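Report on the structure given below.
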There are 2 protein chains.
Amino acid sequence: MRRDIFQAIADPKRRAIIALIALQSMTPNAIAENFKTSRQSISKHLRILTECELVNQEQQGREIYYSLKIEKMKEIDEWLEQYRKIWETRFDQLDEVLLTIKNKKK
Amino acid sequence: MRRDIFQAIADPKRRAIIALIALQSMTPNAIAENFKTSRQSISKHLRILTECELVNQEQQGREIYYSLKIEKMKEIDEWLEQYRKIWETRFDQLDEVLLTIKNKKK
DNA sequence: AATTTGCGAAACTGAATAGTTGCATATATA
DNA sequence: TATATATGCAACTATTCAGTTTCGCAAATT
């Protein structure tokens with residue numbers, strides 16, 4: 001099953017889960033309490049996030065704590081980089097245009 | 001139909017289309033030539049990208065030129081910002097640890 | 001030892017979706 | 001005016017996927 005990080009963050013619920021476990025580890029039950037859905041559906045999302053290597057699992061007794069693998073999020077940042085270059089260039093160009101207009105006024 | 005930019009970039013083919021039209025406007029036919037798929041399937045993807053306000057259309061005679069709305073990509077960057085803060089903080093902390101080790105060696 | 005609790009996994013259902021085929025429309029060209 | 005070209009759109013199919021239900025296992029509690 002071809003699944004990557006972009007598919008992982010495509011689902012709004014998964015993005016919400018990511019936000020929840022970004023700063024603290026949480027069990028599936030604790031995560032599910034934040035939604036209207038069942039624990040099993042959260043479990044499924046966690047499985048997908050695990051497949052994409054977006055989360056860490058830590059077993060403690062019969063509980064499993066999930067937390068965000070923040071490094072993995074950098075992959076999105078890296079992909080975005082090529083476009084960031086474009087919009088920053090365009091902004092610079094706009095800046096230049098504004099500067100030219102300003103100078104003409106003088 | 002609930003569709004947002006995260007769903008738009010979830011599909012690898014759509015990311016490829018985005019990359020293609022990021023720097024130059026292209027017609028659906030010209031885009032389709034870069035893939036093994038049909039023109040219609042590209043048209044469908046372009047429709048989705050249009051719905052998500054990720055592309056501009058410019059009609060020229062019977063041709064329609066599509067280009068990337070680069071500003072829209074910033075939305076991803078803004079969403080990523082909260083996580084960037086986290087990984088930068090962690091990096092600083094690591095930096096601090098390394099510094100401490102360094103100082104101890106002296 | 002029996003029961004409860006936390007969890008994952010399989011089977012099922014309904015909805016969404018990617019791709020194809022076929023068609024309609026508008027513009028260009030002969 | 002007849003034909004070719006560029007495109008969008010609707011109908012159909014096969015696949016994917018989110019959520020539920022049910023089950024089984026292992027750890028905690030009684």
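A note on names: the letters A, B, ... follow the listed sequences, proteins ahead of strands, and every chain is numbered from 1. All values derive from a computational prediction rather than experimental measurement.
- The interatomic distance linking Ile42(B) (CD1) with dG19(C) (P) rounds to 8 Å, in whole Å.
- With rounding to whole Å, Gln60(A) atom CD is found 14 Å from dA28(D) atom C1'.
- Proximity of His45(B) to the phosphate of dG19(C): a side-chain N or O atom is located under 4.0 Å from OP1 or OP2.
- Counting to the nearest Å, the C1' atom of dA18(C) and the CG atom of Leu49(B) are 14 Å from each other.
- Contact check on Arg84(A) versus Glu81(A) returns a salt bridge, with a Lys/Arg side-chain nitrogen under 4.0 Å from an Asp/Glu carboxylate oxygen.
- Side-chain contact check for Phe35(B) versus Leu20(B): some heavy-atom pair is nearer than 4.5 Å.
- Identified under the salt bridge (Lys or Arg N to Asp or Glu O under 4.0 Å) test for residues 14-40 of chain B, with sequence neighbours left out: Asp4(A)-Arg15(B).
- An OP1 or OP2 oxygen of dG19(C) is reached within less than 4.0 angstrom by a side-chain nitrogen or oxygen of Lys13(B).
- Between Glu33(A) atom CD and dT5(C) atom P the separation is 14 Å, expressed in whole Å.
- Within 4.0 Å of Ile48(A), counting heavy atoms only, lie sugar-phosphate atoms of the nucleic acid but no base atom.
- For the pair Lys74(B) and Glu78(B), the salt-bridge criterion is not met [side-chain N within less than 4.0 Å of a carboxylate O].
- When side chains are defined from C-beta on, Glu58(A) does not count as touching Ile64(A), because their heavy atoms never get closer than 4.5 Å.
- Atom CD in Glu58(A) sits roughly 17 Å away from atom C1' in dA27(D) (whole-Å rounding).
- Nucleotides of DNA chain D nearest to Gly61(A) and Ser41(A) differ in position, and the one nearer the 5' end is that of Ser41(A).
- Within the 4.5 Å cutoff, side-chain heavy atoms of Met73(A) are placed close to those of Trp87(B).
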Taking only N/O atoms, report every protein-nucleotides 7-10 of chain D pair under 3.5 Å with atom names and distance.
{"from": "dT7(D)", "atom 1": "OP1", "to": "Ile64(B)", "atom 2": "N", "distance (Å)": "3.4"}
{"from": "dT7(D)", "atom 1": "OP2", "to": "Asn29(B)", "atom 2": "N", "distance (Å)": "3.2"}
{"from": "dT7(D)", "atom 1": "OP2", "to": "Asn29(B)", "atom 2": "ND2", "distance (Å)": "2.8"}
{"from": "dG8(D)", "atom 1": "OP1", "to": "Tyr66(B)", "atom 2": "OH", "distance (Å)": "2.1"}
{"from": "dG8(D)", "atom 1": "OP2", "to": "Ser43(B)", "atom 2": "OG", "distance (Å)": "2.6"}
{"from": "dG8(D)", "atom 1": "N7", "to": "Arg39(B)", "atom 2": "NH1", "distance (Å)": "3.3"}
{"from": "dG8(D)", "atom 1": "O6", "to": "Arg39(B)", "atom 2": "NH2", "distance (Å)": "3.3"}

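- Going from atom CZ of Arg14(B) over to atom C1' of dA16(C) covers 12 Å, rounded to whole Å.
- The distance from atom CD of Gln59(A) to atom C1' of dC25(D) is 12 Å, rounded to the nearest whole Å.
- With sequence neighbours excluded, the residues satisfying salt bridge (Lys or Arg N to Asp or Glu O under 4.0 Å) with Lys72(B) are Glu53(B), Glu75(B).
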